[in-house]
Amino acid sequence: MERTLVLLKPDAVQRHLIGPILTRFEQKGLKLVGLKLRCFPLETIQQHYSDHASKPFYRNLVGFMTSGPVVAMAFDGRDAIPVVRALVGATNAREAAPGTIRGDFGMSFSNNMVHASDSPGAAAKELELFFGEPDDLIDWEPVDLGWSYNIEEELS
Ligand code: CMP
């Protein structure tokens, strides 16, 4: 099982897309284990995007991500990191394939609605940053687990 971080950016919140986007992840069979709606502090966003600090778009990106509420979510699933990235689609929403979240809901490179961890290392750091407090993450067992997966072949 893998755990990954997803952020619904301020454009997704302002455009009333929290429900439709969360539905994509739920319907896929990913397990929601953390959920927060917050205006995250500047320092949190700066730390989250520290790898991009030298890029020309960094200032705008940090300004955008602190411009309003963001939804942070954590999901569990077999291969959850690549599965979530595939659901989200290409970074530039204009080029994202139809059927992906960005491909279906957006037209922008910068305002691309969703961030998703791109590797196990990034997921570990990002989960610690956004869900690092005790009780931030909930361990629970969905009753349909044995229908979403073949438990013997895929989860043991
Ligand atoms: P995200 O997956 O959150 O990771 C970095 C973000 O920077 C990216 O999505 C885009 O929203 C934003 N961004 C804006 N301009 C660029 C760019 N030219 N190249 C890459 N990312 C960009």
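All heavy atoms count here, side chains included; hydrogens, waters and symmetry mates do not. Keep in mind that this is a model prediction, so the values were computed, not measured. All ligand and atom numbering here is 1-based and tracks the order in the structure.
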Exercise for review: Check whether any side-chain N or O of Asp104 sits under 3.5 Å from a backbone N or O of Pro98 as a donor-acceptor pair, and report yes or no.
Suggested key: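 Not at all, since once roles are kept as given, no pair shorter than 3.5 Å links the two residues.
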**Study point:** Atom CE of Met1: over 12 foreign heavy atoms under 6.0 Å
**Key:**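 Above 12, so yes.
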Check your understanding: Considering residues, nucleotides and ligands other than Lys36, do more than 12 of their heavy atoms fall under 6.0 Å from its NZ?
Key ->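 Yes.
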Review point. Which of the atoms in ligand 1, numbered in the order shown and given with their element, are less than 4.0 Å from a heavy-atom of Arg102?
Key: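 Answer for ligand 1: 2 (O).
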Check your understanding: Taking only heavy atoms of His52, which atoms of ligand 1 are found under 4.0 Å from at least one of them?
Key ->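 Within the 4.0 Å cut-off of His52, ligand 1 contributes 5 (C).
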Point to revise | Residue and atom name of the nearest protein heavy atom (relative to atom 12 (C) of ligand 1), distance in Å to one decimal | key: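 Answer for atom 12 (C) of ligand 1: Leu61 CD1, 3.8 Å.
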Practice item. Would you mind checking which non-hydrogen protein atom is closest to atom 18 (N) of ligand 1, with the distance to 0.1 Å? Key: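 Protein heavy atom at minimum distance: Phe57 CD2, 3.6 Å.
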Check your understanding: What orientation do His115 and His48 show, parallel under 30°, tilted 30 to 60°, or perpendicular over 60°?
Key ->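 Taking His48 first and then His115, their aromatic rings stand perpendicular (interplane angle over 60°).
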Review point. Quick one: does Tyr49 get a heavy atom under 4.0 Å from ligand 1?
Key: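 A heavy atom of Tyr49 does come that close to ligand 1.
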Practice item. Decide whether the shortest distance between a heavy atom of Lys9 and an atom of ligand 1 is less than 4.0 Å. Key: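 Yes; Lys9 lies near enough to ligand 1 that a heavy-atom distance drops under 4.0 Å.
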Practice item. Indicate the atoms forming the closest heavy-atom contact of Gly34 with Leu32, along with that distance. Key: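 Between these two residues, the closest heavy atoms are O-CD1, 3.4 Å.
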**Study point:** Residue selection (non-hydrogen contact nearest atom 2 (O) of ligand 1) among His115, His48, Arg85
**Key:**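 Checking each option, the heavy atom nearest atom 2 (O) of ligand 1 is found in His115.
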**Study point:** Best match, Asp51, Asn92, Asn112: closest heavy atom to atom 8 (C) of ligand 1
**Key:**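 Checking each option, the heavy atom nearest atom 8 (C) of ligand 1 is found in Asn112.
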Point to revise | Polar side chain donor-acceptor pair, Lys9 to Asn111, under 3.5 angstrom | key: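 Not at all, the side chains of Lys9 and Asn111 share no donor-acceptor pair under 3.5 Å.
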